[in-house]
Amino acid sequence: MIRAEKISKRYQNGAGEFLAVNEADFTIAKGDFVLVIGRSGSGKSTLLSMLGGLTRPSDGTVRIDDEEIWKMPDNRLSQIRAEKIGFVFQFSGLLPTLTARENVLLPVLFHRRKGDPANTRAVDLLRSFSLGEKLDSYPSQLSGGEVKRVAIARSLMNDPEILLADEPTGDLDVDTEQEIMDLFRSVNAQGKTILVVSHNPDLASFADRIFRMEKGTLVEIT
Amino acid sequence: MVTGTLLSTSFLVGGAQNSVQVGMDRLGADILILPQDYVIKGQSVLLTGKPTTFAFQDSVLSRVKSIPGIAVASPQLYIGTLQNQGCCATDLQLIGIDPENDFTIQSWLESELGRPLGKDECIVGFGIIGPVGTILKFYGHEYTVAGRLDPSGMGMDASIFIRMEDAYTMSEESGWKAVSPVGIREGQISAVLVRVEPGADKEAVAQKIRETVPSAYPFTVSHVATKVNSQLSLATEVLTAVTAAVTLVSIPFIALISTMVANERRRELALLRAMGATRLFIFSAVFSESLLLAALGGLAGIGISGLLLSLFEPLITGTLQVPFLWPSLWTIAGDAAVAIFLAVGIGGAASLYPAYRSSTMDPYEAIRRSEL
Ligand SMILES: Nc1ncnc2c1ncn2[C@@H]1O[C@H](COP(=O)(O)OP(=O)(O)O)[C@@H](O)[C@H]1O
Ligand SMILES: [Mg+2]
């Protein structure tokens with residue numbers, strides 16, 4: 001469960017202050033598939049980063065499973081990021097010097113979960129995303145859709161409760177976009193909470209709840 | 001680069017000091033008497049080993065021996081060779097000794113050879129090739145190699161010690177046997193090596209020699225050593241200044257490189273943060289990478305400076321006019337350890353701030369910037 005209480009983010013710019021996110025206030029329940037749409041520059045990435053513990057809100061609090069994440073010491077917050085949250089970024093987010101399998105294994109550095117050996121799990125994840133042939137390929141040898149699937153596989157490596165995705169279909173063609181969104185749907189069907197941020201209103205059909213972000217202000221529209 | 005400079009400095013200084021000490025020990029003389037008119041060349045023989053032929057015009061030995069305070073006075077005869085056909089690439093210094101009075105290589109002869117130098121035998125310096133038993137021919141006269149001295153880093157390494165009598169014979173015969181004659185007459189000597197009596201004042205004895213034998217120029221050991229030291233200390237000062245400058249300049253330079261590396265990798269580091277890396281993890285990663293790079297750089301520096309030194313050693317010794325003897329392996333290892341330690345220290349110090357910056361950055365900020 002994610003609870004945002006009047007979170008705002010102000011940036012200093014030349015003229016003065018700029019309000020990138022203005023008192024966003026909402027609760028996302030476990031298992032929700034949420035889409036936030038809004039134009040470029042409306043504050044979506046900033047919002048996502050505050051929820052995921054990557055940038056500190058200027059005001060307000062963020063709770064994940066009733067814990068206030070921005071009151072924690074760094075090592076505890078890092079542990080939450082490692083265990084409970086998976087990130088998918090707009091850019092590839094893969095390390096170019098590592099193979100697909102090694103990239104997927106990276107999160108294990110920060111959280112050792114019980115269960116299958118890490119390598120088995122990484123390979124299983126990649127196979128289930130139809131990447132069984134690309135285990136030892138480098139990111140430069142993969143297509144845009146494949147890179148994105150590796151990135152999603154990596155975000156699931158530590159079996160997090162929450163998946164945060166920033167423009168995951170930003171630079172993909174319509175068919176690949178469909179493919180990736182279907183992937184999110186199936187992950188959501190396994191009970192994971194998913195928050196996707198995009199400028200593309202066409203993605204609305206995949207989500208249960210839809211928010212619109214406009215100049216820093218967030219409104220739920222369904 | 002830093003390590004290289006540090007290492008070169010300490011090698012050069014260590015090498016030269018080593019040579020002088022070993023050389024003086026080997027010589028074992030308190031005073032060296034040379035002909036007044038050959039003083040300059042004489043010093044060059046002693047220190048840089050440019051072979052020359054010279055001699056006193058008058059008989060000085062008996063007059064020197066009569067001076068009180070002198071324990072042993074041993075004559076030497078210096079004859080420079082022409083480029084030798086067989087054995088050696090460079091000119092050599094033939095040194096005639098009086099086996100009965102000699103104390104420069106005599107002790108060596110007794111311990112290694114167990115007998116005095118025989119007729120037409122020679123003892124060669126470290127730099128001369130050929131095993132014991134090799135026949136060397138100078139000015140038409142053949143000598144058999146009887147032994148080889150340890151390295152001195154001085155002119156001695158390219159010297160060949162023969163008996164004075166054989167030298168006179170060779171000189172006489174060179175008139176018809178050799179291309180150009182030696183030009184030394186029987187009884188002539190080039191130098192007298194003096195050991196003063198225990199407790200005697202070297203400088204006072206030297207002064208007495210100056211008064212008694214006007215054609216002689218006595219060097220005391222300290223005199224010789226001082227000349228080398230002053231030449232060296234200038235070189236040392238220059239190198240120390242260079243080292244200091246390089247070190248000072250390199251700290252911000254390394255910091256800049258660390259920062260650039262850290263910046264270039266901001267996105268990757270931010271990604272790791274998003275995956276759950278703690279600040280401490282990021283700090284350690286950047287810091288230890290810098291240390292590793294510094295250590296590798298240090299090793300490379302040592303390798304390069306070692307290579308450069310061995311390539312340019314003749315040039316360095318030539319231009320600085322100081323003898324050079326490679327320091328012992330332990331000294332080299334010590335210097336190398338210090339150099340690596342310094343490199344790692346400098347690398348570590350310079351990367352502290354970039355490492356700290358990387359660990360405290362806002363991950364979203366870093367990712368956003370790299371997306372622009
Ligand atoms: N570090 C920053 N400094 C100043 N302005 C920023 C910073 N980060 C984001 N902004 C501004 O905040 C606004 C929202 O940015 P962002 O959250 O990236 O929007 P979106 O993801 O919807 O495109 C933009 O106008 C952007 O220029
Ligand atoms: Mg964005």
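In what follows, every chain begins at residue 1, and chains take the letters A, B, ... in the order their sequences are listed. When reading the values below, keep in mind they use all heavy atoms of this one structure, side chains included, and skip hydrogens, waters and symmetry mates.
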Peer 1: CZ of Phe26(A): more than 12 outside heavy atoms within 6.0 angstrom?
Peer 2: yes
Peer 1: Using non-hydrogen atoms and a 4.5 Å limit, figure out which bit of Ser155(A) sits close to chain B: side chain, backbone, both or neither.
Peer 2: neither
Peer 1: Taking 4.5 Å as the heavy-atom cut-off, does anything in residues 63-83 of chain A contact chain B, and if so which residues?
Peer 2: Asp74(A), Asn75(A), Ser78(A), Arg81(A), Ala82(A)
Peer 1: Side chain to side chain contact (heavy atoms under 4.5 Å, CB included), that's the test. Do Leu183(A) and Ile152(A) meet it? Break it down for me.
Peer 2: CA-CA 9 Å; Leu183(A) 201 58; Ile152(A) 296 172; 4.0 Å; yes
Peer 1: May I have the step-by-step check of side chain to side chain contact (heavy atoms under 4.5 Å, CB included) for Met275(B) and Leu109(A), ending in yes or no?
Peer 2: CA-CA 9 Å; Met275(B) 283 181 231; Leu109(A) 278 177; over 6 Å; no
Peer 1: Flag yes if more than 12 heavy atoms outside Glu214(A) fall under 6.0 Å of its CD atom; otherwise flag no.
Peer 2: no
Peer 1: Only one of Leu156(A), Ile85(A), Val196(A) passes side chain to side chain contact (heavy atoms under 4.5 Å, CB included) with Leu163(A); say which it is.
Peer 2: Leu156(A)
Peer 1: Would you give the length of the straight line joining atom CE of Met1(A) to atom OG1 of Thr193(A), rounded to the nearest 0.5 angstrom?
Peer 2: 10.0 Å
